[in-house]
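Submitted below is the structure of interest, expressed as structure tokens.
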Amino acid sequence: MLPTYNLKDALDRASANPKLQDIANKVQRGERLTNEDGLYLFEHGEIGFVGALANYVANKLHGNKVYFNRNFHIEPTNVCIFTCNFCSYSRQYKHRDDGWELGMEQMLDIVRKYDGQPVTEVHIVGGVHPKMNLEFFCELVSKIREHRPDLHIKGFTAVELDYMFRKAKLTVEEGMQRLKDAGLQSLPGGGAEIFAPEVREVICADKVDGDGWLYIHETAHKLGMHTNATMLYGHIETYAHRIDHMSRLRELQDRTGGFNCFIPLKFRNSGNNMSHIAESSIIEDMRLYAIARLFMDNFRNLKAYWPMLGRQSAQLTLSFGVNDLDGTIDDTTKIYSMAGSEEQSPSMSTEDICDLVLAVGKIPVERDTLYNELKVYTNDPEDVIV
Ligand code: V47
Ligand code: SF4
């Protein structure tokens with residue numbers, strides 16, 4: 001059984017510290033934490049304390065439910081014009097022979113492979129290839145939509161979109177509208193990294209900046225699309241950078257309500273230009289998830305992306321405020337296996353995900369992209385509550 005921290009014990013242990021008491025009281029009253037509170041938690045909140053509070057909040061929102069969906073990935077290419085130092089996946093255009101570039105039919109073949117299977121979402125994300133433009137991706141999206149109208153199409157990070165729109169000489173509004181008209185419904189959360197310019201300058205100097213990332217998501221929200229938000233943590237950023245990042249997301253969410261979930265992404269250090277930086281410890285990972293749950297009070301869903309964290313750590317996050325384990329995913333994603341994740345060929349069946357959730361006393365619930373509940377599972381494989 002997982003260590004589920006008890007709220008009363010945690011409060012007792014923090015009773016000698018008035019600041020922690022004050023934070024705990026705010027959480028229990030449902031009041032928003034300030035940036036200063038968040039920073040204090042990163043600096044002084046021990047794992048049991050933040051874990052207990054995060055559990056309390058997740059329980060209030062979701063009871064014992066843990067969500068997942070049935071999805072598959074298309075990664076059109078790993079050729080990329082950008083040079084993010086943490087990236088183990090991309091290949092420069094001049095070295096494209098070492099990478100892959102899928103053609104239209106190859107990508108549609110991936111979609112056809114799932115004909116008759118109960119997947120509900122396709123997730124499309126890749127490098128920024130100088131020859132794959134907006135027109136190409138509008139065609140891809142509309143052909144997927146035509147072939148399988150029931151499939152939710154979530155695709156393209158703000159980094160890919162920024163390049164596509166600039167190349168097509170369109171405003172963000174015009175470019176996004178074209179993709180929406182073609183059938184794109186949601187955006188994934190990648191490319192956010194850490195918004196602070198001094199960090200971006202070192203880890204991903206040449207791609208869209210923090211303001212640009214936020215503007216693209218805001219524009220999608222205004223068009224009625226939903227999007228996700230990520231934060232790449234555990235490299236050169238400080239606690240203050242994390243709080244600044246989360247605070248900017250929280251502020252946009254206040255204005256639009258368009259974010260579906262927040263996904264902290266742990267920096268993995270294999271095969272990239274930042275391999276000299278040690279990865280964060282599991283204790284730091286769990287503290288981060290818990291603090292994110294407490295600070296991001298207007299994000300209902302906190303996702304642990306198991307292909308990157310590894311399934312055991314992902315299971316542990318369920319005691320630290322996480323209520324979503326992403327999807328079943330087969331072996332079509334390479335981003336994390338190439339960066340040194342434990343998951344070298346990420347694949348989990350619905351049964352595997354359910355077992356992982358049930359093993360910690362929680363209830364697996366299959367959802368669609370927009371978090372509508374599709375099926376509630378119990379311990380008996382025959383016993384599915386719809
Ligand atoms: O932006 C790249 C990250 C992101 C490394 O929206 C790395 O549902 C750790 O967007 N170590 C792309 N992280 C992935 C992404 C995503 C993933 C899961 C779910 C969703 C969603 C979106 O991958 C990049 C970057 O932050 N990344 N390299 C690395 N070495
Ligand atoms: Fe390109 Fe994305 Fe890798 Fe950066 S993280 S180099 S934008 S594929």
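Every number for a ligand or one of its atoms is a count from 1 in the order of the listing.
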Near E36 CD, under 6.0 Å, is it more than 12 heavy atoms from other residues, nucleotides or ligands?
no
Worksheet entry | Pairwise distance CG(D368) to NE2(H152) - rounded to 0.5 angstrom |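 One gets 8.0 Å once the value is rounded to the nearest 0.5 Å.
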**Report entry** Any N or O of R268 closer than 3.5 Å to N or O of ligand 1
**Finding:** yes
G190 heavy atoms within 4.0 Å reach ligand 1 at atoms 1 (O), 10 (O), 15 (C)
| Is there a protein heavy atom at a distance of less than 4.0 Å from atom 7 (S) of ligand 2? | yes
N228 heavy atoms, cut-off 4.0 Å: which ligand 1 atoms fall inside?
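Reading through ligand 1 atom by atom, the close ones are 6 (O), 8 (O), 21 (C).
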Could you label the plane-to-plane angle of the Y233 and Y289 rings as parallel, tilted or perpendicular, counting under 30° as parallel and over 60° as perpendicular?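 Y233 vs Y289 ring planes: perpendicular.
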Worksheet item: Within C87, is some N, O or S atom less than 2.8 Å away from atom 1 (Fe) of ligand 2?
Response: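 Coordinating: no.
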Item checked: Geometric N/O contact T157 with ligand 1, under 3.5 angstrom ->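 Not met; the criterion fails.
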Check whether the side chains of D206 and T83 place a donor and an acceptor atom closer than 3.5 Å, and report yes or no.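 The criterion, which ignores hydrogens and geometry beyond distance, is satisfied for T83 and D206.
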Interfacing atoms of ligand 1 (cut-off 4.0 Å, heavy-atom, K154):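 The list of qualifying atoms is 8 (O), 21 (C).
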- Query: How are the rings of Y377 and F68 set to each other: parallel, tilted or perpendicular (split at 30° and 60°)?
  - Reply: tilted
Could you check atom 2 (Fe) of ligand 2 against the protein and tell me its nearest heavy-atom contact, residue, atom and distance included?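 Its nearest protein heavy-atom neighbour is K207 NZ, 4.5 Å.
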Exercise. For the residue pair H217 and W213, categorise the inter-ring angle as parallel (less than 30°), tilted (30 to 60°) or perpendicular (more than 60°).
Key: parallel
- Message: Applying the ring-ring contact (aromatic ring centres under 6.0 Å, His included) criterion to H129, which one of Y93, Y163, W100 satisfies it?
- Response: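 Per the ring-ring contact (aromatic ring centres under 6.0 Å, His included) rule, the option paired with H129 is Y93, out of Y93, Y163, W100.
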Taking atom types as modelled, find out whether S247 and D244 have a side-chain donor-acceptor pair closer than 3.5 angstrom.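 Their side chains do not contain a donor-acceptor pair, so the 3.5 Å distance test is not met.
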For I263, the atoms of ligand 1 under 4.0 Å from one of its heavy atoms are 6 (O), 8 (O), 19 (C), 20 (C), 21 (C)
Answer with yes or no whether H123 contacts ligand 1, where contact means a heavy atom under 4.0 Å from a ligand atom.
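Yes, H123 has heavy atoms under 4.0 Å from ligand 1.
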Carboxylate-amine/guanidinium contact K8 D12, below 4.0 Å | yes
In terms of relative ring orientation, are H62 and Y67 parallel, tilted or perpendicular, with 30° and 60° separating the classes?
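Rings of H62 and Y67: perpendicular, as their planes differ by over 60°.
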Carboxylate-amine/guanidinium contact E174 R178, below 4.0 Å: no
Among F86, Y305, W306, closest by heavy atom to atom 17 (C) of ligand 1 is Y305
shortest atom 1 (Fe) of ligand 2-to-protein heavy-atom contact is with C80 SG, 2.3 Å
So, regarding K207 and ligand 1 (criterion: nitrogen or oxygen to nitrogen or oxygen, under 3.5 Å), is there a contact or not?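 The answer is no, given that K207 and ligand 1 share no N or O pair closer than 3.5 Å.
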Nitrogen or oxygen of G189 less than 3.5 angstrom from that of ligand 1:
yes
Q. Can you tell me if M308 has a non-hydrogen atom under 4.0 Å from ligand 1?
A. no
Could you list which atoms of ligand 2 come closer than 4.0 Å to a heavy atom of G127?
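Going through ligand 2 atom by atom, the ones under 4.0 Å from G127 are 8 (S).
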F86 heavy atoms within 4.0 Å reach ligand 2 at atoms 5 (S)
Check your understanding: Considering only heavy atoms of L265, which atoms of ligand 1 have at least one such atom less than 4.0 Å away?
Key ->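 Within the 4.0 Å cut-off of L265, ligand 1 contributes 3 (C), 4 (C), 23 (O), 26 (O).
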Going from CG on L102 to CD1 on I74, what distance comes out if it is rounded to the nearest 0.5 angstrom?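 Taking CG in L102 and CD1 in I74, the distance rounds to 8.5 Å.
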Near N272 (heavy-atom distance under 4.0 Å), the atoms of ligand 1 are 30 (N)
Is it true that Y239 and F42 have ring centroids separated by less than 6.0 Å? yes
Near F267 (heavy-atom distance under 4.0 Å), the atoms of ligand 1 are 9 (C), 11 (N)
- Carboxylate-amine/guanidinium contact R287 E284, below 4.0 Å: yes
Is the distance between atom 4 (Fe) of ligand 2 and the nearest N/O/S atom of C84 smaller than 2.8 Å? yes
Does only the side chain of N269 get under 4.0 Å from ligand 1, or the backbone, or both, or neither? Count heavy atoms.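 No part of N269 is near ligand 1 at this cut-off.
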Proximity to ligand 2 by part of S90, non-hydrogen separation under 4.0 Å: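 It is the side chain that touches ligand 2; the backbone stays farther off.
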Taking only non-hydrogen atoms of P188 and a 4.0 Å limit, the atoms of ligand 1 in range are 6 (O)
